[in-house]
Enquirer: 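One structure is given below, represented as structure tokens, and several questions about it will come after.
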Amino acid sequence: MIPASLKALIDATEGQRVVSWAGRELWLANEAWGQLAISLQGAQVLHYLPAPEDTRAAGAHPAPGTEQGAPTADAASVDSGAEDPLVPGGWLWVTPTPQEAPGAIRGGIPLCWPWFANENTADESPDRSGPMHGPARKAIWQLDAVDEHEEGIEVHLSLPERLHSQLHPRAVVQANAQRLHVELITEHVGDTPIKMTAALHSYLAVDNVLACRVEGLAGARYLDKLKDFAESEQQGELGIRSGVDRIYHSNAEVVLDDGQRRLRIARQNSDSVVVWNPGEQPHPDTPQLSARRFLCVESANTRLDPVWLVPGAQHMLGTTLSLAGE
């Protein structure tokens with residue numbers, strides 16, 4: 001569920017190209033397996049949409065609105081007051097009113113690195129006052145390689161300039177007609193151990209956040225950020241009935257059920273699941289109606305499972321989205 005202007009650019013793409021949108025350069029793909037959009041600011045996946053099986057068999061690009069697993073609500077009902085309304089299509093959500101660059105775009109899958117939220121253990125500023133979620137999500141990344149194969153695509157990105165004296169990240173995005181997989185890989189190139197946190201801050205498009213269930217977290221312990229990090233245990237499956245901001249201590253695969261589709265979220269090297277929606281108090285760059293159309297279910301390393309990297313070591317944080325039952 002993305003802004004109409006972005007969807008129009010993707011639908012008008014044949015094969016791959018680089019375009020400008022909202023003051024950023026985007027790399028787009030619209031091919032027989034489906035669609036993918038990545039912002040070079042933040043190496044941020046903004047859109048993923050697999051083509052239906054009959055379209056793939058014909059070798060044609062998917063027609064707008066026909067993609068499998070995408071919410072199907074009427075676009076006019078999503079955000080009728082916005083100049084650039086959200087339109088159905090795709091597994092990810094992007095705000096219709098993004099901040100001007102160099103502000104970060106809310107939506108898609110932002111990379112939080114080398115710290116999550118305000119857990120600034122890897123922050124090298126004198127008073128550890130670096131930006132929320134770290135500097136990587138606002139930095140300009142470079143496209144290193146695009147590897148194509150019969151069933152899909154693999155995109156490699158890196159930072160041309162150093163953001164940290166000892167840590168260096170790169171990102172890998174794999175997409176095909178069945179799944180989206182994102183990796184955030186950190187290499188320690190310095191001399192002393194570093195404690196870091198990170199997240200793949202996935203904004204998942206839903207029909208109505210208040211009708212969502214997140215399955216797989218029953219019995220897990222969690223920190224409730226809306227209650228000053230009070231610790232609790234999840235009783236039964238998690239139903240979303242209001243704003244939520246929790247960090248679950250779990251390595252379990254989870255399923256997001258919004259009543260229209262069941263989306264499987266698998267995570268790699270992550271013992272934290274962050275579940276977030278702002279409820280009735282969205283950020284200024286998110287209209288109230290639009291905020292009801294996403295739920296963040298994030299693969300993360302947080303204060304519950306920080307990563308200690310020693311010189312020469314690497315860490316890969318990953319998330320994989322697919323339809324449950326496929």
Side-chain angles (χ1 to χ4, degrees), residues 1-11 21-22 26 28 34-39 44-52 62 64-80 82 84-98 105-110 173 175 177-182 200-215 240 243-244 254-266 274-279 282-283 285-299 319-324 326:
M1 194 162 289
I2 59 176
S5 61
L6 176 54
K7 190 65 165 67
L9 284 172
I10 298 167
D11 289 339
W21 177 78
L26 310 186
L28 307 180
Q35 299 178 342
L36 183 66
I38 302 174
S39 171
Q44 183 173 346
V45 178
L46 296 180
H47 174 72
Y48 163 70
L49 155 51
T66 65
E67 306 84 2
Q68 64 172 346
T72 57
D74 179 6
S77 70
V78 175
D79 202 1
S80 58
D84 190 2
L86 293 182
V87 296
W91 292 12
L92 304 174
W93 174 97
V94 174
T95 180
T97 53
I105 296 176
R106 186 172 304 281
I109 306 180
V173 180
Q178 287 79 39
R179 67 170 196 156
L180 172 67
H181 175 73
V182 179
L200 300 170
H201 197 321
S202 307
Y203 287 76
L204 304 175
V206 300
D207 185 57
N208 178 1
V209 69
L210 298 182
C212 289
R213 276 167 50 101
V214 181
E215 302 172 2
I240 308 300
V244 60
V254 300
V255 172
L256 170 58
D257 187 340
D258 77 341
Q260 293 196 0
R261 68 167 179 198
R262 290 171 53 79
L263 192 64
R264 179 187 294 112
I265 302 111
V274 180
V275 181
W276 177 71
N277 179 275
H283 290 271
D285 61 358
T286 307
Q288 180 68 61
L289 291 177
S290 299
R292 301 174 187 172
R293 311 307 294 242
F294 76 80
L295 182 66
C296 289
V297 183
E298 309 169 33
S299 174
T319 192
T320 306
L321 306 180
S322 61
L323 291 179
E326 291 195 358

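Everything numeric here is computed off the predicted structure, so don't read it as measured data.
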Enquirer: Can a donor-acceptor pair be found, under 3.5 Å and without considering hydrogens, that links the side chain of Q44 to the backbone of G107?
Expert: yes
Enquirer: Under 30°, 30 to 60°, or over 60°: which ring-plane class applies to H201 and W276, parallel, tilted or perpendicular?
Expert: perpendicular
Enquirer: Does D285 use its side chain to pair, donor to acceptor, with the backbone of P98 at less than 3.5 Å?
Expert: no
Enquirer: Keeping R262 on the side-chain end and L323 on the backbone end, is there a donor-acceptor pair under 3.5 Å?
Expert: no
Enquirer: Can you tell if the side chain of V206 reaches within under 4.5 Å of the side chain of L263, non-hydrogen atoms only?
Expert: no
Enquirer: State, to 0.1 Å, how close D258 and C212 come at their nearest heavy-atom pair, and which atoms those are.
Expert: CB-SG, 3.6 Å
Enquirer: Please report the closest heavy-atom contact between I2 and L46, naming both atoms and the distance.
Expert: CG2-O, 3.9 Å
Enquirer: Identify the heavy atoms of P3 and L86 that sit nearest to each other, and give their distance.
Expert: N-CD2, 3.6 Å
Enquirer: Quick one: pull up CG in L204 and CG in L321 and give me the separation to the nearest 0.5 Å.
Expert: 6.0 Å
Enquirer: Taking atom OH of Y48 and atom NE2 of H181, what is their separation to the nearest 0.5 Å?
Expert: 12.5 Å
Enquirer: Check side-chain hydrogen bond (donor to acceptor under 3.5 Å, both in side chains) between W21 and all other residues, then give those that pass, not counting sequence neighbours.
Expert: S5
Enquirer: If you take all heavy atoms of T319 and S202, which pair is closest and at what distance?
Expert: CG2-OG, 4.3 Å
